[in-house]
2 protein chains.
Amino acid sequence: MSEESYKDKKVITIGTVSELTGLSERQIRYYEERKLIFPARTKRGSRKYSFSDVELLMEIADKREDGLQTYEIRQEMIREKKIEDPKDIRKRMLKGQINARFGVQND
Amino acid sequence: MSEESYKDKKVITIGTVSELTGLSERQIRYYEERKLIFPARTKRGSRKYSFSDVELLMEIADKREDGLQTYEIRQEMIREKKIEDPKDIRKRMLKGQINARFGVQND
DNA sequence: CGTGTAAGGAATTCTGACACG
DNA sequence: CGTGTAAGGAATTCTGACACG
């Protein structure tokens with residue numbers, strides 16, 4: 001497994017992301033609620049974003065300006081594989097359970 | 001002028017830097033006092049660090065473990081051009097003032 | 001639907017100081 | 001010298017809710 005590059009390290013707080021993107025904190029949290037963005041959390045619950053997240057948020061902002069709804073943006077992102085289709089996640093997790101039950105090494 | 005890469009963008013708070021480096025916030029602030037590290041500041045005064053800063057702090061931690069004093073670490077860093085020699089800074093700024101006074105475009 | 005705001009609490013960060021050594 | 005800690009204040013972030021539309 002390769003080290004994650006700086007671009008994907010989740011280290012930026014929401015206030016800084018707000019400055020970087022020009023979006024309000026409210027908007028950023030809402031896009032998370034709509035499953036467009038997935039920040040990490042510190043132990044005490046603060047959101048942490050990566051530079052990739054910041055870029056993604058700027059794309060989202062552009063699409064919102066073009067009049068797209070969050071749901072439509074989400075569909076686009078799934079098509080473009082920028083986020084994983086929930087159906088695929090369910091499939092993958094089921095597979096993991098099967099492997100676990102039938103003795104595939106996972107540790 | 002080229003865009004600064006992610007590596008040099010000052011966006012990480014001291015708490016996160018502390019986790020990333022294993023250093024206490026007290027240590028990180030002290031190394032700043034000793035001019036080994038130069039965080040940016042938000043409008044209200046919070047320190048912001050880059051990934052480069054995090055790497056530098058880890059080097060500092062290694063050297064401290066080797067028994068070097070902060071002053072010695074600073075000398076090494078100046079020699080290695082990781083930070084600028086204060087004498088050079090003074091020279092450069094004087095030059096800037098001369099240029100300004102004698103009409104070199106600076107805007 | 002997408003975003004603003006006021007609300008109250010919890011966690012973060014800041015500075016200057018005292019402590020030890 | 002380098003680091004810990006308690007102190008008090010200011011700024012940040014969180015959630016759930018009400019508002020408008």
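Computed from a predicted model, the values in this text were never measured in an experiment. No hydrogens, no waters, no symmetry mates; every other heavy atom, side chains included, goes into these values. Lettering follows sequence order; numbering is per chain, from 1.
Expressed to the nearest 0.5 Å, how far CG of L23(B) lies from OH of Y31(B) amounts to 5.5 Å.
Residues from residues 25-40 of chain A that place a heavy atom under 4.0 Å from any atom of DNA chain C, listed by number: R26(A), Q27(A), Y30(A), Y31(A), R34(A).
A 4.5 Å side-chain heavy-atom check between D53(A) and K10(A) finds at least one atom pair inside the cut-off. Counting heavy atoms from C-beta outward, P86(A) and I78(A) have side chains that approach closer than 4.5 Å.
Here F51(B) pairs with Y6(A) under the ring-ring contact (aromatic ring centres under 6.0 Å, His included) rule; sequence neighbours left out.
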>> If a pair means Watson-Crick or G-U wobble with both distances below 3.5 Å, what does DNA chain D look like in dot-bracket form, with | marking bases paired to a different strand?
In response: .||||.||.|.|.||.||||.
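Looking at which nucleotide of DNA chain D each of T70(B) and R44(A) is closest to, the 5′-most match is held by T70(B). Mapped onto DNA chain C by nearest heavy atom, T42(A) and L68(A) fall at different nucleotides, with L68(A) at the one closer to the 5' end.
Atom CD1 of I73(A) and atom P of dT3(C) are 9 Å apart (whole Å). A straight line from CZ of R64(A) to P of dG4(C) spans 11 Å, rounded to a whole angstrom.
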> Step by step, would you call S50(B) with D8(B) a side chain to side chain donor-acceptor pair (under 3.5 Å)?
Replying inline: CA-CA 5 Å; S50(B) 67; D8(B) 293 310; 4.7 Å; no
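Checking side-chain atoms of R64(A) against main-chain N and O of L68(A) turns up a donor-acceptor pair under 3.5 Å.
Each of dT15(C), dG2(D), dT13(D) was ranked by its minimum atom distance to the side chain of R47(B); first place goes to dT15(C). With distances taken from any side-chain atom of T13(A) to the nucleotides dG2(C), dT13(D), dG2(D), the minimum falls on dT13(D).
Remark: the T16(A) side chain and the K48(B) side chain contain an N/O donor-acceptor pair separated by less than 3.5 Å.
In the hydrophobic cluster analysis, where Ile, Leu, Val, Met, Phe, Trp and Tyr join through side-chain heavy atoms closer than 4.5 angstrom, I73(A) is grouped apart from Y71(A).
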